[in-house]
Amino acid sequence: MRKIKVDLGKRSYDIVIGKSILDKLAAYLRKLNIGEDAYIITNTFLKDKYGAGLLKVLEAGGFSCRFKVVPDSEKSKSLENAGRVIKDLAQFDQRRKVFIIAFGGGVVGDLAGFVASVYKRGIPYVQVPTTLLAQVDSAIGGKTAIDLDLGKNLVGAFYQPRMVFSEIDFLKSLDRRQVASGMAEVIKYAIIKDSDLFCYLENKHENISSLKPAALERIIGVCSGIKAVIAGRDEKETLGLRTILNFGHTFGHAIESACGYKGYNHGEAVGLGMIAASDLSYRLGFIDKKLVLRIENLIKLYRLPVKLKGASMQRIINSFYHDKKFVGKQNRLVLVRGIAKPVVVRGIALDLIKEAIGRIA
Ligand SMILES: NC(=O)c1ccc[n+]([C@@H]2O[C@H](COP(=O)([O-])OP(=O)(O)OC[C@H]3O[C@@H](n4cnc5c(N)ncnc54)[C@H](O)[C@@H]3O)[C@@H](O)[C@H]2O)c1
Ligand SMILES: [Zn+2]
């Protein structure tokens, strides 16, 4: 079991990671002293598969519980759904001792965090992430969000959880694509911050892909540690430190958007985006061809796509220039000068961007 602190002064919290640790959850919650009534936001699959076990642990710890099942997938992150959840929560909150448990992947985590941030101007919540992506990324750092028709994640706040509790056993039921999607973020951390992790991913591919608990605990621990440090230093993305977490994401978002958020899931699009960003790093003379190939091979090793299907170059370029991360009219991209050497570059010529997208087209 590992424990990692996100250092935010009085709002600091722990990330607890381990295998078969669920029976310790109630004791951790008791120590936090955040309430008596657990409002568990989740989806049907997770409630059916793990709900009874979770309930047993929480009730044994003296908590009263209510499950709130929300629709699977991104459509849960809507204003309408958030409204429904908040009304239901208000009915459950009779004793004024309520706290929220986000029990699911990034969708549930973003929605539950959002609800926690606005209900009564903010009530405590904990993240119990159940996807690899959520354990290494979305559950940590306090970004909460729901979507509008106009775009994803447009409504939300920075609102930190009181704990992130990453039970590795939950990952056993993920399908191959969901695992690969989380691995894209793991590969991202390795490229921007950790050459040892990069080599580990290359060398221990079989252990990781077959979900060996020790390997998972290691990579989740390392990635959580990286995110904890960055989110701790630049909580609200005001210092530019969080920017490097967007490696592969500007291209990735453009691909997701050009495909109408169908076809590629987030990690798959980020994998393609990391290849384009690496290729661009090479074209600007920052890295050699060998490293681009090494990165591409690692992405391929984890069964992520390395070539685009079904989106035209022009649509990707159009989406690219609508990305909210662009400052003014100038484009801005996270590239690399080597493993663990990220660099933010502005004002890159359109021709070069097209050539980089050409590599994955
Ligand atoms: N807040 C942040 O910092 C941040 C960062 C990255 C992504 N996100 C958000 O996260 C979301 C994507 O997260 P995600 O990839 O976890 O998607 P998700 O929450 O939609 O989960 C993916 C699928 O896996 C299923 N699932 C969850 N746990 C499972 C388990 N243990 N076994 C089997 N199936 C399981 C879900 O029901 C869903 O069908 C997006 O909405 C994105 O915007 C937020
Ligand atoms: Zn991401």
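Both counts, for ligands and for their atoms, begin at 1 and track the order of listing. Treat the numbers as computed from the prediction; the structure is a model and nothing was measured.
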Quiz prompt | Minimum-distance N/O/S atom that His266 presents toward the Zn ion (ligand 2) | solution = NE2
Exercise. Could you tell me whether Arg162 sits above the aromatic face of Tyr13, with NZ or CZ closer than 6.0 angstrom to the six-membered ring centre and within 45 degrees of the axis?
Key: no
Quiz item: Charged N to carboxylate O under 4.0 angstrom, Lys120 versus Asp93?
Solution: yes
Quiz item: What are the two closest heavy atoms between Ala157 and Ser117, and how far apart are they?
Solution: CB-OG, 4.3 Å
Practice problem: Might you list the protein residues in contact with ligand 1, defined as having a heavy atom under 4.0 Å from one of its atoms, sorted by chain and number? | Solution: Asn43, Phe45, Leu46, Asp72, Glu74, Lys77, Gly105, Gly106, Val107, Asp110, Thr130, Thr131, Leu133, Asp137, Ser138, Lys143, Lys152, Asn153, Phe170, Ser173, Leu174, Gln178, Lys227
Quiz item: What is the name of the N/O/S atom in His249 that sits closest to the Zn ion (ligand 2)?
Solution: NE2
Quiz item: For Asp37 and Ser64, does a side-chain donor sit closer than 3.5 Å to a side-chain acceptor?
Solution: yes
Quiz prompt | Nearest to the Zn ion (ligand 2) - the N/O/S atom of Glu185, by atom name | solution = OE2
Quiz prompt | Distance under 6.0 Å and angle within 45° of ring axis: Lys31 vs Tyr28 | solution = yes
Quiz item: Salt bridge check: are Glu167 and Lys19 linked by an N-O gap of less than 4.0 Å?
Solution: no
Quiz prompt | Pairs satisfying ring-ring contact (aromatic ring centres under 6.0 Å, His included), at least one member in residues 50-83, at least two apart | solution = Tyr50-Phe170, Phe63-Phe99
